[in-house]
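Scroll down for the structure; my scribbles are underneath it.
None of these values were measured; they are calculated from a predicted model. Each ligand, and each atom within it, is numbered from 1 in the order the structure gives.
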Amino acid sequence: YDIAELRRQDVAHHLPAQADHRLIAEMGGSRIITRAEGCVIHDGDGNAILDGMAGLWCVNVGYGRQELAQAAYDQMLELPYYNTFFKTASPPPIELATKVAGLMGGHLSHVFFNSSGSEANDTIFRLVRHYWKLKGQPSRKIFIGRWNGYHGSTVAGVSLGGMKAMHAQGDLPIPGIEHVMQPYLFGDAFGEDPARFAARAAQAIEDRILQVGPENVAAFIGEPVQGAGGVIIPPDGYWPAVEAICRKYGILLICDEVICGFGRLGQWFGHQHYGVKPDLIAMAKGLSSGYLPISAVGVADHIVAELREKGGDFVHGYTYSGHPTCAAVAIRNLEIMEREKLVERTREDTGPYLAKAFADRLAGHPLVGEARSLGLLGAVEIVAEKGTNRRFGGEEGKAGPVVRDLCIKNGLMVRGIRDTIVCCPPLIISHAQIDELVDILKRSLDEAMPILKA
Ligand code: PLP
């Protein structure tokens with residue numbers, strides 16, 4: 001490729017999905033990523049960059065896996081595509097469903113495939129309302145999500161999510177969706193006792209249920225750890241309290257595992273870390289490590305039993321539901337994860353190693369308000385005054401882009417979410433690469449200091 005020409009064309013014809021048109025134009029076009037291996041991506045200008053984001057929170061097994069290419073190749077020759085509409089199926093999605101059901105454990109043994117995380121949440125939205133109708137409780141329509149939660153870019157996804165900037169575009173949320181506070185101790189309740197805050201954040205859900213009437217509430221939805229919201233790790237006690245509230249009022253509990261699933265928090269699914277049992281889960285990204293688009297909804301037995309008993313055909317499905325090639329790649333991806341023990345490694349080795357490196361080498365930095373992580377999901381809060389959560393310029397969002405851009409210049413891809421730098425490296429990351437990630441973060445913070453203090 002002629003990289004300069006690609007960048008020039010990019011400036012002229014931005015992908016409509018890209019948010020930062022002006023910034024990209026100022027850069028003279030997007031950074032063109034041309035190839036990758038392991039945990040390292042390469043751009044067209046010859047830079048090698050440590051991928052601290054696993055693509056977009058998804059390349060769990062790292063880049064360049066020949067086995068995954070082979071799985072796709074073999075399946076494409078055998079049967080590249082077939083649908084699930086004519087009372088038909090193909091072998092890979094059936095095998096994958098059995099495999100995923102085994103990982104979800106016990107009560108969740110049914111799986112519905114889609115292509116993206118957003119579609120998984122859209123599927124859940126309709127399935128849940130359909131379920132309550134079949135159950136003779138059609139008033140149960142309301143979903144409760146959280147401010148700053150992210151559940152995708154489709155209409156239901158944006159609505160369930162709590163991103164105000166997304167709501168503003170397209171007049172969302174759709175009716176019947178409520179949002180409550182997020183469990184963001186550092187940002188929203190700095191200095192509060194964590195256990196007290198956990199109880200207070202869960203109580204906000206119960207208060208809302210009582211306000212709108214429990215008989216009208218269908219489900220609560222949340223990411224075990226909010227990813228796109230800024231890697232918000234809830235204090236201990238939050239999730240069990242949320243689960244207890246859902247049970248008390250007979251409300252379904254939905255965990256959006258699109259980021260937390262497939263080993264990210266050191267368990268196959270994030271809810272397993274918190275010891276709760278959701279009724280439905282959305283999963284995507286790590287299911288295929290992003291090599292091909294595939295997502296799934298895990299559904300509890302009691303919901304499926306209701307559908308079957310009442311003869312409720314769920315009239316739903318996508319052209320690519322149960323796509324054989326995507327499923328074949330996902331199966332092989334999960335085999336790699338099992339063979340290389342990536343979940344256990346994240347829980348017992350690399351996750352604690354990252355947490356220690358954050359504590360030892362970042363937490364004391366003058367710009368760092370908090371450096372937190374769980375498994376291989378981490379966040380660094382940039383503050384103007386050590387020991388507080390005060391932001392530069394008194395407003396969130398000024399420091400994040402500065403530090404993020406310095407990190408990228410220094411060879412580390414991270415994301416800045418307001419003034420929180422987040423990281424989510426491939427689960428194959430080595431100790432040496434974790435050291436490099438932390439070194440670059442530290443160096444970039446050092447370099448940001450005179451810029452931010454000016
Ligand atoms: N849910 C969560 C928690 C996510 O992080 C994302 C994407 O980042 C989605 C849903 C949407 O997934 P997709 O982008 O595949 O539609």
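- Remark: ligand 1 atoms within the under-4.0 Å shell around heavy atoms of Gly117 are 11 (C), 12 (O), 13 (P), 15 (O), 16 (O).
- Near Asp256, meaning under 4.0 Å from any of its heavy atoms, are these atoms of ligand 1: 1 (N), 2 (C), 3 (C), 10 (C).
- Evaluated for a side-chain hydrogen bond (donor to acceptor under 3.5 Å, both in side chains) with Thr420, the options Glu396, Glu370, Arg415, Glu381 yield exactly one hit, Glu381.
- Note on ring orientation: taking the six-membered ring where Trp is involved, the planes of Tyr318 and His316 are perpendicular (angle over 60°, cut-offs 30° and 60°).
- Atoms of ligand 1 lying under 4.0 Å from at least one heavy atom of Glu223, given by number and element, are 3 (C).
- The contact set between ligand 1 and Asn121, taken as ligand atoms under 4.0 Å from a residue heavy atom, comprises 1 (N), 10 (C).
- Heavy atoms from both the backbone and the side chain of Ser116 come within less than 4.0 Å of ligand 1.
- The shortest contact between atom 14 (O) of ligand 1 and any protein heavy atom is with Ser118 OG, 4.3 Å.
- Numbered from 1 in the order shown, with element, the atoms of ligand 1 that lie under 4.0 Å from a heavy atom of Tyr150 read 1 (N), 2 (C), 3 (C), 4 (C), 5 (O), 6 (C), 7 (C), 8 (O), 9 (C).
- Ring geometry, His302 versus Tyr131: the interplanar angle exceeds 60°, so the pair is classed perpendicular (tilted spans 30 to 60°).
- The single protein non-hydrogen atom nearest to atom 8 (O) of ligand 1 is Lys285 NZ, 2.9 Å, given as residue, atom name and distance.
- Atoms CD and CD, on Gln75 and Gln70 in that order, are 12.0 Å from each other to the nearest 0.5 Å.
- In this structure, His179 contributes its side chain and Gly161 its backbone to a donor-acceptor pair below 3.5 Å.
- In this structure, Tyr320 and His323 have tilted ring planes: the angle between them lies in the 30° to 60° band.
- The distance criterion of under 3.5 Å between nitrogen or oxygen atoms is not met by Ile259 with respect to ligand 1.
- Remark: side-chain polar atoms of Glu95 are not paired, donor with acceptor, to backbone N or O of Pro91 under 3.5 angstrom.
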